[in-house]
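One-based numbering, in listed order, for ligands and for the atoms of each. Numbering starts at 1 and runs along the sequence shown.
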Amino acid sequence: MAETLLDYETEAAHYDRTRGGVPRAGAAAEAVLSLVPPGARTLLDLACGTGLVTERLTRPGLRVYGADAAHAMLRVAGGRVPGRVVRADARRLPFPDASLDAVGAVWLLHLVPFAAEIVAEAARVLRPGGVLIATVDKDAAHDVGSDIDTVLRPYRSAGAATDRAALITRHAAAHGLAPASGAHFTGHGQGGTPRDTVRKLRAGYFPSWFPGDAAAVDTLATALAALPDQDRPRADPRYRLARFVRQG
Ligand SMILES: C[S@@+](CC[C@H](N)C(=O)[O-])C[C@H]1O[C@@H](n2cnc3c(N)ncnc32)[C@H](O)[C@@H]1O
């Protein structure tokens, strides 16, 4: 089962409403598709969640599948892309070796301590010339340049994000995946407020920043609560998608 601090079995009920909804999902899908090679016939949306992105990954001739570890998220996804979603841990995918043209993973690698295993598994299921497309440096994209960022940044840089671009690139190289050009998308509606950032910190949204350090969370919560305009969202983040090509 997925080892994430956030419980996606309970998140499913309000996930779409709280993650930028259709505008964010549309921007993510468009950016992923821009990195899928023109002749690709299959794309696996890894950690597809509720399928809000998955159902927008449409292109003539491209068949899209979804996989996720959480039952509740998949139930929603199953309604959106019927018959094309499967419950699976991203480390053990029910696809044969070299069977897919593209694997996408939007907002997954920052959540788990085993990103290396996920990259290895993606490399296994990709055919030569196939691409892995994944968000990297996800949490670092939040609130850049804002007063929230000023409070959080010292902790962020001290953290050990599991989706650091340099780290994922190393994992990829170890499994025959070479870096290629990537893309960005706007996290519509994802600009944080001080009050909501405190809530997210306490709910475990940023697991890589404070591994087990409750005192650091308390210190940050106090600093964030002192900021002005507690409920005014700061600028929307720009998330980065990295791309890697499976070598023959
Ligand atoms: C932040 S959500 C992203 C969902 C979707 N990609 C999107 O952009 O809306 C993270 C998803 O990763 C899934 N997940 C976490 N760990 C996983 C694992 N080891 N294998 C498969 N899915 C996993 C969760 O169940 C959740 O649906």
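Counting the atoms of ligand 1 from 1 in the order shown, those under 4.0 Å from a heavy atom of F114 are 19 (N). Every atom of ligand 1 is numbered from 1 in the order shown, and the set under 4.0 Å from a heavy atom of A70 is 25 (O). For ligand 1, the atoms lying closer than 4.0 Å to a non-hydrogen atom of L108 are 12 (O), 14 (N), 15 (C), 16 (N), 17 (C), 23 (C). Remark: ligand 1 atoms within the under-4.0 Å shell around heavy atoms of R24 are 7 (C), 8 (O), 9 (O). Atoms of ligand 1 lying under 4.0 Å from any heavy atom of M73, numbered from 1 in the order shown and given with element: 27 (O).
Between Y15 and ligand 1, at least one N/O pair is under 3.5 Å apart. Polar contact with ligand 1: absent for W107 (N/O pair, distance under 3.5 Å). Checking only distances, V106 does come within under 3.5 Å of ligand 1, N or O to N or O.
Proximity of D89 to ligand 1, defined as any heavy-atom pair under 4.0 Å, is shared by backbone and side chain alike. No part of H110 comes within 4.0 Å of ligand 1, judged by heavy-atom distances. At a heavy-atom distance under 4.0 Å, only side-chain atoms of L111, from C-beta outward, approach ligand 1. With a heavy-atom cut-off of 4.0 Å, C48 touches ligand 1 through its backbone alone.
V198 and L220 fall within a single hydrophobic cluster, where Ile, Leu, Val, Met, Phe, Trp and Tyr are joined by side-chain heavy atoms under 4.5 Å apart, directly or via other members. Under a hydrophobic clustering in which Ile, Leu, Val, Met, Phe, Trp and Tyr are joined whenever their side-chain heavy atoms come within less than 4.5 Å, directly or via other members, F244 and L167 fall into different clusters.
The aromatic rings of Y239 and F185 sit tilted, their planes meeting at an angle between 30° and 60°.
The side-chain tip of R19 does not point at the ring of W107 from less than 6.0 angstrom away and within 45° of straight on.
For residues 183-194, the pairs satisfying side-chain hydrogen bond (donor to acceptor under 3.5 Å, both in side chains) are T186-R238, with sequence neighbours left out.
Using 4.0 Å as the threshold, A88 has a heavy atom nearer than that to some atom of ligand 1. Not a single heavy atom of R19 lies less than 4.0 angstrom from ligand 1.
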Tabulate below the donor-acceptor pairs under 3.5 Å that side-chain atoms of residues 111-134 make, not counting sequence neighbours, or state none.
{"unit_1": "E121", "atom_1": "OE1", "unit_2": "R124", "atom_2": "NE", "d": "2.9"}
{"unit_1": "E121", "atom_1": "OE2", "unit_2": "L93", "atom_2": "N", "d": "2.6"}
{"unit_1": "E121", "atom_1": "OE2", "unit_2": "R124", "atom_2": "NE", "d": "3.4"}
{"unit_1": "E121", "atom_1": "OE2", "unit_2": "R124", "atom_2": "NH2", "d": "2.8"}
{"unit_1": "R124", "atom_1": "NH1", "unit_2": "F95", "atom_2": "O", "d": "3.0"}
{"unit_1": "R124", "atom_1": "NH1", "unit_2": "D97", "atom_2": "OD1", "d": "2.7"}
{"unit_1": "R124", "atom_1": "NH2", "unit_2": "L93", "atom_2": "O", "d": "3.1"}
{"unit_1": "R124", "atom_1": "NH2", "unit_2": "F95", "atom_2": "O", "d": "2.9"}
{"unit_1": "R127", "atom_1": "NH1", "unit_2": "D101", "atom_2": "OD1", "d": "2.5"}
{"unit_1": "R127", "atom_1": "NH1", "unit_2": "D101", "atom_2": "OD2", "d": "3.4"}
{"unit_1": "R127", "atom_1": "NH2", "unit_2": "S99", "atom_2": "O", "d": "3.3"}

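Under the 3.5 Å distance criterion, the side-chain polar atoms of D137 are left unmatched by any main-chain donor or acceptor of A140. Judged by distance alone, the side chain of E9 and the main-chain N or O of M73 form no donor-acceptor pair under 3.5 Å.
There is a side-chain donor-acceptor pair under 3.5 Å between R243 and S181.
Comparing A47, A90, A115 against atom 6 (N) of ligand 1, the shortest heavy-atom distance belongs to A47.
Here the CG atom belonging to D45 is positioned 5.5 Å from the SG atom belonging to C48, to the nearest 0.5 angstrom.
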